[in-house]
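Notes to accompany the following structure.
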Amino acid sequence: MLADLAPKAPDPLLKIIKMFREDPRNDKIDLGVGVYKDATGNTPVMKAVKDAEALLLASQKTKTYVGQQGDVDFLRLVGQLVFGEMAREFTSIQAVGGTGALRLGCDLLRESGAKRIVLPQPCWPNHPSIVRAARLEPVDAPFFNIAEQRIDMDALIGAFDSVQRGDSVILQACCHNPLGADFSMTQWIALAEALNARGIVPFLDLAYQGFGDGIDEDVAGLRALVERVPEAVIAVSEAKSFGIYRERVGALFVKTSEQSRAATMSNLAAIARANYSMPPDHGAAIVREVLSNEALRQSWRDELDAIRSHIKRTRAALAAERVNSLPMHLIAAQKGMFSTLPLTEAQVVTLRETHGIYMTDAARINVAGLREADIPRFVEALRAIA
Ligand SMILES: Cc1ncc(COP(=O)(O)O)c(C=O)c1O
């Protein structure tokens, strides 16, 4: 039986990470990996997180299971961070990272009768895998013109006609991975109208709150959409916003009619129970501690502000450069860590082999991976190939 297993292709990003590690050049540049790096190239633990961990170590009295729903104070605090005043209207459950929340949400949609999930392309490469694993059909929709670095709303909304009432669409709430292209407020409102007209349930993926324009600013579009639709599913990851990637902190929020809340909660509990049973404690406890302690919360906000400023500085420095055919100025206007450059795979290979500059095969760059001192060399390499 097990001897019959066919091997699966490894994640293409792992190939890039391995090639980077094995490249002996001292001046190689890593724009591939999707984690935040500070000006010195490190991914530090935030001070607020360290302080919260010290408090938890001193105060924790038991290691018994947290409840089926997870840490309810964590859920309340994250709910307020994401939805503000609206937070009370949602059913919620803690999840194993944003990925776990996406999977819970897909399973819930399937239980409710959904068959398909629209994925605006290019999407986060894990979205189709999660959708398929939940036995839903991913439906690719045209969304972004990479050459012009522009969202094509007509094409996206047109693709909604290829699914049916009760199906869903995954929309990234801010700091799109891999595009850096976010919807404007006008576009969010147009989306709400288009979804309501067709009975499609929006599934929002929020993984970078605070990395774009600010903690509240980054969820303004999400809130505008969610308050206009009768039902919505929202997967939240706190991996990036708190720099706690390996702690696997996430949550799923669901907006339904009041009568459907109990059934929604019982379905979520059943899905979680048959999967990992109870959620992990530590990462959610860190977030709870930081958000409920005024001093830690301020320290976290300050550090998140510094992360955002660093990303914005790097984007502005890139946008000030002229590189033949590349629309560098548009990169400054984009949000969060990622942008996808209009390069061919052959150009990406030349950057890697000739210049020691690593990005994904689809030319996604992690702007936060670019140290200030490396910008001139990166730009020179782009001029040589584009
Ligand atoms: C768009 C998007 N959604 C969700 C996630 C999931 O994050 P995690 O499972 O690490 O919390 C990521 C992580 O890279 C992401 O980029």
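Atoms within a ligand are numbered from 1 in the order they appear, just like the ligands themselves.
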Below 6.0 angstrom between ring centroids: does that apply to His355 and Phe378?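 They do not qualify: ring centres at least 6.0 Å apart.
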For His127 and Phe203, I'd like to know if the aromatic rings sit close, meaning centre-to-centre distance below 6.0 Å.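 Not close enough - the centres of the two rings lie 6.0 Å or further apart.
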Using non-hydrogen atoms of the residue, decide whether Glu238 is closer than 4.0 angstrom to ligand 1.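 For ligand 1, residue contact (heavy atoms, under 4.0 Å) with Glu238 is absent.
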Do the side chains of Phe211 and Met337 get nearer than 4.5 Å, heavy atoms only?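 In short, these two side chains touch, coming nearer than 4.5 Å.
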Out of all atoms in ligand 1, which are within 4.0 Å of some heavy atom of [X]? Include the element for each.
X      : answer
Ala239 : 10 (O), 11 (O)
Gln172 : 1 (C)
Ser237 : 7 (O), 8 (P), 11 (O)

Identify, for [atom], the protein heavy atom at the shortest distance, and state residue, atom and that distance.
atom                    : answer
atom 10 (O) of ligand 1 : Arg248 NH1, 3.0 Å
atom 5 (C) of ligand 1  : Trp124 CH2, 3.5 Å
atom 14 (O) of ligand 1 : Lys240 NZ, 3.0 Å
atom 2 (C) of ligand 1  : Asp205 OD2, 3.5 Å
atom 9 (O) of ligand 1  : Thr99 OG1, 2.6 Å

In Å, rounded to the nearest 0.5 Å, how long is the span from CE of Met19 to CG of Leu14?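 Output value for this atom pair is 11.0 Å.
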Compute the shortest N/O to N/O distance between Val249 and ligand 1 and return yes if it is under 3.5 Å, no if not.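 No, Val249 has no N/O under 3.5 Å of an N/O on ligand 1.
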Intermediate values then yes/no, salt bridge (Lys or Arg N to Asp or Glu O under 4.0 Å), Arg383 and Glu380: CA-CA 5 Å; Arg383 285 187 186 131; Glu380 273 317 308; 2.8 Å; yes
Within the supplied structure, the quantity of interest is the number of heavy atoms (other residues, nucleotides, ligands) at a distance under 6.0 Å from Glu258 CD; does it exceed 12?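 Result for CD/Glu258: open.
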Taking the six-membered ring for Trp, are Phe183 and Trp188 parallel (under 30°), tilted (30 to 60°) or perpendicular (over 60°)?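 Answer is perpendicular, since the angle exceeds 60°.
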In terms of relative ring orientation, are Tyr208 and Phe338 parallel, tilted or perpendicular, with 30° and 60° separating the classes?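 Perpendicular, since the angle between the ring planes exceeds 60°.
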Specify side chain, backbone, both or neither for Tyr245, according to which of its non-hydrogen atoms lie closer than 4.0 Å to ligand 1.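 None of Tyr245 does.
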